[in-house]
Amino acid sequence: MPKKEIDLEYKIEHLSILNQDGELDSELEPDISDDLLIRMHRMMLLTRRFDERMLNLQRQGKMGTFAPIKGQEASQIGAVVVLEDEDWMVPSFREMAAEVWRGKEMVDMLLVFAGFNEGSRVPEKSRTLPVCIPVASQLLHAVGIAYAIKYKQEKNVVMVFHGDGATSEGDFHESLNFAGVFQTPCVFVCQNNQWAISIPRSKQTRSKTLAQKALAYGLPGVQVDGNDVLAVYSAAKEAVERARSGKGSTFIECVTYRMSVHTTADDPSVYRDDDEVKQWEARDPISRFQKYLKDKELLSEDDIEKLEEEIKSEIKGVIKDWEDKMKKMGDPADMFEFQYAEMPPHLVSQKEEVEKNKANR
Amino acid sequence: MPKKEIDLEYKIEHLSILNQDGELDSELEPDISDDLLIRMHRMMLLTRRFDERMLNLQRQGKMGTFAPIKGQEASQIGAVVVLEDEDWMVPSFREMAAEVWRGKEMVDMLLVFAGFNEGSRVPEKSRTLPVCIPVASQLLHAVGIAYAIKYKQEKNVVMVFHGDGATSEGDFHESLNFAGVFQTPCVFVCQNNQWAISIPRSKQTRSKTLAQKALAYGLPGVQVDGNDVLAVYSAAKEAVERARSGKGSTFIECVTYRMSVHTTADDPSVYRDDDEVKQWEARDPISRFQKYLKDKELLSEDDIEKLEEEIKSEIKGVIKDWEDKMKKMGDPADMFEFQYAEMPPHLVSQKEEVEKNKANR
Amino acid sequence: MKKMTMVEAINLALKQEMEKDEDVLVLGEDVGMDGGVFRVTKGLLDAYGEDRVIDTPLAESMIAGVSIGMAIHGLKPVCEIQFSGFSYFSFHQMEAHAARYRGRSHGRFSIQMVLRCPYGGGVRALEHHSESREVYYAHTPGLKMVIPSGPRKARALLVSAIRDPDPVIFYEPKAVYRAFREEVPEDEETFPIGQSEVVREGKDLTFITYGAMLKPTIDAAETLKEEDGVEAEVIDLLTISPLDDEKFTESVQKTGRAVIVHEAHRSFGPGAEMIARLVEKSFLYLEAPICRVTGYDVVIPLYQREKDYIPDVKRILKGARETLDF
Amino acid sequence: MKKMTMVEAINLALKQEMEKDEDVLVLGEDVGMDGGVFRVTKGLLDAYGEDRVIDTPLAESMIAGVSIGMAIHGLKPVCEIQFSGFSYFSFHQMEAHAARYRGRSHGRFSIQMVLRCPYGGGVRALEHHSESREVYYAHTPGLKMVIPSGPRKARALLVSAIRDPDPVIFYEPKAVYRAFREEVPEDEETFPIGQSEVVREGKDLTFITYGAMLKPTIDAAETLKEEDGVEAEVIDLLTISPLDDEKFTESVQKTGRAVIVHEAHRSFGPGAEMIARLVEKSFLYLEAPICRVTGYDVVIPLYQREKDYIPDVKRILKGARETLDF
Ligand SMILES: Cc1ncc(C[n+]2csc(CCOP(=O)(O)OP(=O)(O)O)c2C)c(N)n1
Ligand SMILES: Cc1ncc(C[n+]2csc(CCOP(=O)(O)OP(=O)(O)O)c2C)c(N)n1
Ligand SMILES: [Mg+2]
Ligand SMILES: [Mg+2]
């Protein structure tokens with residue numbers, strides 16, 4: 001039946017700058033200082049190696065469950081480097097690279113995964129939230145912070161990360177709607193890594209792109225090649241500038257891939273094809289960035305080798321530090337700390353109970 | 001920056017057939033039997049009068065809180081008449097007209113609003129759910145029923161109603177996403193009556209239309225003039241046919257207006273302009289439908305007068321019945337019924353407690 | 001002193017705290033233009049503008065979650081959930097985050113927020129508008145749960161809650177909203193969270209109650225005096241969690257007998273915890289079983305049978321007399 | 001009889017019920033292809049296809065709400081929430097609807113669904129993966145709350161839960177999932193919901209416990225026998241709500257002393273209700289205060305301190321000896 005079409009003034013675009021062979025669309029090349037490019041590369045490599053090392057430690061039984069980031073370095077680093085220190089970063093649970101860039105101590109990460117609450121401490125000046133396990137629930141905190149920034153007439157922004165699976169949760173919807181209505185300075189970075197544990201993107205939602213979900217909230221949405229650090233950077237830069245200048249939120253879908261297990265408790269061979277992983281290996285974000293940097297003569301094979309050595313010893317240092325720290329931790333009575341600003345009487349007496357039990361052992 | 005546009009194969013259309021003066025776009029006129037047209041009109045008028053009467057009873061203190069439907073008769077009746085008896089209808093709390101069409105006894109409505117649980121009984125054969133107070137939560141039940149229908153390879157569909165405010169709730173999002181992924185035979189009828197208590201549509205969400213929210217789930221969405229019963233009918237018919245033939249869900253936004261109070265506990269003069277109400281009075285769904293029926297020579301002023309009399313005495317009968325029924329109700333021990341299929345021991349003893357208390361009074 | 005209803009007293013607390021501290025703001029459904037469905041936030045929008053008195057879209061998880069974010073960035077949000085029956089839409093945000101950010105960040109973040117909602121029966125409302133489920137919150141570590149019983153305490157406790165560095169769930173007994181007036185001082189008044197109050201002294205029996213149940217309990221105590229010559233002590237809990245067990249312990253060690261009165265369901269209800277604490281700390285003082293006069297373990301019925309669900313003076317008297325006669 | 005872990009036993013229950021009744025289906029996150037993150041639903045997808053073993057999008061309220069709808073149309077969904085810590089995302093659906101459709105429709109609709117989730121500590125997991133908050137459900141009228149302690153009971157109770165016309169919350173102690181094997185009959189076996197079991201007889205003291213705490217409680221009972229010559233009775237609750245207070249009443253009227261053991265937080269926790277019932281029904285039999293050996297009123301710590309949070313044999317023994325020495 002013929003009806004009147006409503007003009008939605010809307011389109012969804014896909015952004016790609018550095019293709020999977022590291023070839024550049026030079027028209028779109030963002031203006032990034034050499035120094036920043038080199039630091040981005042270093043962080044991507046560092047976190048790749050740290051990720052591998054943690055997997056190793058976990059397999060040895062030295063750590064509990066954690067969620068590897070392998071393959072998602074570009075979509076995290078490309079986005080997060082755009083932030084100022086005074087901006088807020090709100091991670092989900094798979095943004096180790098972005099967290100480390102923001103100053104999260106690697107030793108603290110190891111502590112958390114080894115079961116010590118101390119590792120999730122947030123240093124006084126840091127504006128990076130602790131990881132958030134309940135999927136999508138952190139998005140509401142992000143827009144709440146963004147509202148507070150706007151309320152205080154400050155100039156900072158919030159960048160919040162989440163996965164493709166997270167887009168199905170009610171909290172995702174409620175956050176983006178709030179961001180739309182109140183035009184909060186919050187940038188949503190969706191790490192569409194194709195999988196939510198065993199559920200592929202295609203079964204998560206029937207929408208063609210995740211980016212188009214922004215339309216429901218009157219927000220701009222864009223899809224980028226999430227393994228292309230330059231594309232992620234460009235989209236994030238534009239979005240952060242929009243937010244900072246009072247024009248509100250943007251939704252960025254980074255199309256990337258979870259090259260490893262969901263968490264160390266997961267066995268993807270049960271539900272996904274190795275072939276798929278191989279295809280994505282060819283689109284690795286690091287090698288393609290390295291080719292770009294080499295083309296720009298900012299990086300040589302030698303540099304890479306030296307960097308790998310440097311990283312190895314940095315990680316070794318972190319692990320040593322971690323092992324030392326663990327020895328000094330684990331007083332059971334610590335569980336009563338930080339429950340309330342002031343310990344209420346019933347916790348004081350329960351704490352005494354624990355201390356008494358400890359003394360009697 | 002130049003990017004590649006993604007073709008979403010998507011548009012949002014607005015449908016209007018009978019304009020506010022009752023003028024017909026005859027190209028779009030749906031094929032509805034005379035008999036059905038007359039029954040639709042009768043139901044719209046009956047429920048308008050019943051609504052007015054209930055408001056009256058409430059103001060006299062004979063009933064508790066209820067939510068008037070005035071102005072939304074077309075968007076309810078236009079949609080619900082498309083259903084077969086074996087289809088399911090899932091209301092929110094403001095679909096009195098649609099419920100009565102589906103066979104809900106008016107006397108039961110009065111009982112509920114007068115504080116008797118008995119009024120929310122669902123007769124054995126009925127496939128109309130009881131009203132659902134928590135906004136948007138009923139949408140999930142609707143898609144669950146729709147899944148069950150599909151699972152059982154039956155041919156029925158589900159029609160679920162909700163308001164504009166409901167589109168902000170997480171449960172709305174999760175329902176539509178489920179409907180998209182599993183292509184369930186569920187038609188969503190959004191009664192966009194411009195207000196959610198005191199919150200206008202424009203503050204509920206920044207999206208230009210509510211219909212476009214369907215895009216986020218890969219579902220077709222359409223906006224119709226909700227005060228135009230022919231437009232609502234046409235859209236609902238198409239959607240129900242789609243669902244019945246296995247092609248999945250449709251989202252219909254009916255643009256209508258809450259001409260009365262939110263509920264009898266509400267005073268809209270605090271937050272909305274009388275002028276706005278006046279504008280919408282000119283778009284009344286009943287008078288425009290009457291003009292159409294008169295033009296078709298299906299209705300005369302005389303018929304209307306007779307009908308009004310008939311309705312008056314029908315409502316009178318209902319109220320008499322209600323008053324009689326109330327006299328026989330109110331045994332406090334009834335509160336223990338229907339909590340579980342079998343009454344567990346602690347309820348048996350609590351019930352005895354209540355019976356003992358009653359005996360002692 | 002001006003005599004105020006509870007609605008007016010809470011409104012005063014909000015107004016004065018907003019006047020004093022720019023970081024305090026109010027958000028929720030219909031709290032702005034409409035002044036709240038019970039008019040508790042009336043006048044705030046005009047006084048403080050829409051950035052500070054925020055009419056939100058219809059989404060409770062959002063209201064709670066956004067408040068958490070605001071608190072992280074240093075604001076002190078007072079959010080309203082329109083009825084406690086809809087607060088479970090945001091329960092995961094309160095349980096997983098409001099209650100935990102302090103611990104999770106190892107002390108860095110305070111979630112200084114108040115989640116206000118009307119609770120309980122008594123206003124002839126529809127389903128989901130009359131529940132009393134304070135246990136869900138009271139059982140959740142990291143949250144505080146406060147229930148005032150009258151206008152003056154409501155005002156003082158809300159001021160304390162707003163200033164409390166921890167998240168406070170503030171249940172307002174809607175049956176009390178306009179039931180009576182009390183003198184409320186214009187000048188600042190606070191009342192410590194975590195502290196109950198002996199509102200009537202007695203030596204024969206201890207009543208422990210709170211919220212809308214305080215009034216019928218006091219009435220029952222008066223009747224006991226008149227008809228039975230019994231002196232009942234009445235304790236108004238005010239804070240449900242952390243539970244102040246000192247005052248009722250002391251009282252029951254004096255009276256030897258206790259009756260607990262609440263609207264909430266009996267099983268796994270708030271009264272059970274009070275009994276457990278009394279057994280733990282005052283076992284040898286107990287001269288009779290502790291009696292629970294409570295809502296039953298059924299969904300609270302619509303208003304025609306509500307009065308049979310909610311404890312009233314007769315039921316309280318019956319419980320008290322059985323306890324006294326034991 | 002085959003020896004099975006709890007995971008295998010639950011899997012057997014699901015398989016047999018699905019085999020027997022086409023209306024039974026399974027839904028949740030990763031329950032299909034992956035067979036569930038704990039492999040509880042392993043093999044079901046292959047056997048019954050994706051219409052009956054439904055991998056849902058990531059949304060807990062949806063999982064519960066859709067199950068309610070399915071039940072209304074006559075199916076018997078068994079839905080899985082991946083960890084009990086995420087079940088609060090769907091709490092409003094369970095509280096407002098699963099628990100109430102029977103009452104609301106005046107008996108017309110049965111919400112015959114089971115909401116399964118792993119709960120409790122013991123698997124070195126991240127935050128939100130170790131909670132024990134059964135009270136939220138136990139306090140909610142209209143719901144049933146079941147917690148098995150071992151493979152055989154888990155299988156029998158799950159079959160009963162699936163056939164139960166009321167909504168059942170089925171908490172599976174993940175610490176027990178693979179902790180030990182038990183003989184589980186291949187042939188159908190059920191166990192009545194609402195019934196507890198005396199798993200060890202004794203005359204001196206009554207332990208009341210359930211779930212993962214059964215094992216250390218029995219160990220403590222054995223130690224008491226060996227070291228103290230004390231005969232402790234042990235009651236495995238199995239159903240938390242509706243609470244079977246008959247068996248523990250009888251037991252405590254015999255022993256005069258009771259110790260309650262659970263992982264859940266102490267305050268407003270499940271133990272409080274058992275104490276309240278014992279006080280109500282067995283006051284004159286009590287020879288000592290009833291002791292609660294429980295999780296503390298703090299967010300359960302990450303795994304290094306988890307063992308100090310969760311009751312163990314030593315703490316149970318200490319509680320028992322204090323009760324015996326009173
Ligand atoms: C509310 C909630 N439900 C379920 C889980 C269990 N869970 C952890 S991660 C995950 C999948 C998340 O998928 P996605 O959002 O795509 O993020 P990714 O893991 O791919 O980074 C699930 C189901 C959880 N943590 N929180
Ligand atoms: C979950 C929930 N939150 C809040 C309310 C209180 N409330 C009842 S109706 C309503 C507004 C609903 O607006 P809309 O969806 O547009 O429906 P309408 O009332 O206009 O028909 C609100 C906030 C509720 N019933 N349920
Ligand atoms: Mg993912
Ligand atoms: Mg509306």
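Letters A, B, ... are given to chains in the order of the sequence lines, protein chains preceding strands, and every chain is numbered from 1.
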Report yes if the side chains of [X] and [Y] come closer than 4.5 Å at any heavy-atom pair, otherwise no.
X: D:Y309; Y: A:P332; answer: no
X: D:Q304; Y: A:L111; answer: no
X: D:V298; Y: A:E337; answer: no
X: D:V37; Y: A:D266; answer: no

Does any heavy atom of chain A fall under 4.5 Å from the side chain of [X], the backbone, both, or neither of them?
X: D:E306; result: neither
X: D:F86; result: side chain
X: D:S267; result: side chain
X: D:F83; result: neither

If you count the non-hydrogen atoms of other residues, nucleotides and ligands that lie under 6.0 Å from [atom1] in [X], is the total more than 12?
X: D:K15; atom1: NZ; result: yes
X: A:E342; atom1: CD; result: no
X: A:R206; atom1: CZ; result: no
X: D:E222; atom1: CD; result: yes

Which atoms of [X] are under 4.5 Å from chain D, going by heavy atoms: the side chain, the backbone, both sets, or neither?
X: A:E169; value: both
X: A:A114; value: both
X: A:F113; value: both

Answer yes or no: is there a donor N or O on one side and an acceptor on the other, between the side chain of D:R124 and the main chain of A:T65, under 3.5 Å? no

Is D:Y303 reaching over with its side chain to a backbone N or O of A:G64, donor-acceptor style, under 3.5 angstrom? yes

Checking side chain to side chain contact (heavy atoms under 4.5 Å, CB included) for the pair A:F116/D:L302: CA distance, chi angles, key distance, verdict? CA-CA 6 Å; A:F116 290 100; D:L302 295 183; over 6 Å; no

For each of [options], tally heavy-atom pairs with chain D at distances under 4.5 Å, and name the one with the top tally.
options: A:V135, A:N117, A:D334, A:V112; result: A:N117
options: A:A333, A:S198, A:A265; result: A:S198
options: A:E353, A:K203, A:M326; result: A:E353

Contact leader toward chain A among D:D55, D:L126, D:D297, D:V299, where contacts are heavy-atom pairs under 4.5 Å: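 Option with the top pair count is D:D297.
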
Atom OH in D:Y296, atom CE in A:M335: separation rounded to 0.5 Å?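 Rounded to the nearest 0.5 Å, the OH-CE separation comes out at 6.0 Å.
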
Quick one: pull up CG in D:L58 and OG1 in A:T167 and give me the separation to the nearest 0.5 Å. 8.5 Å

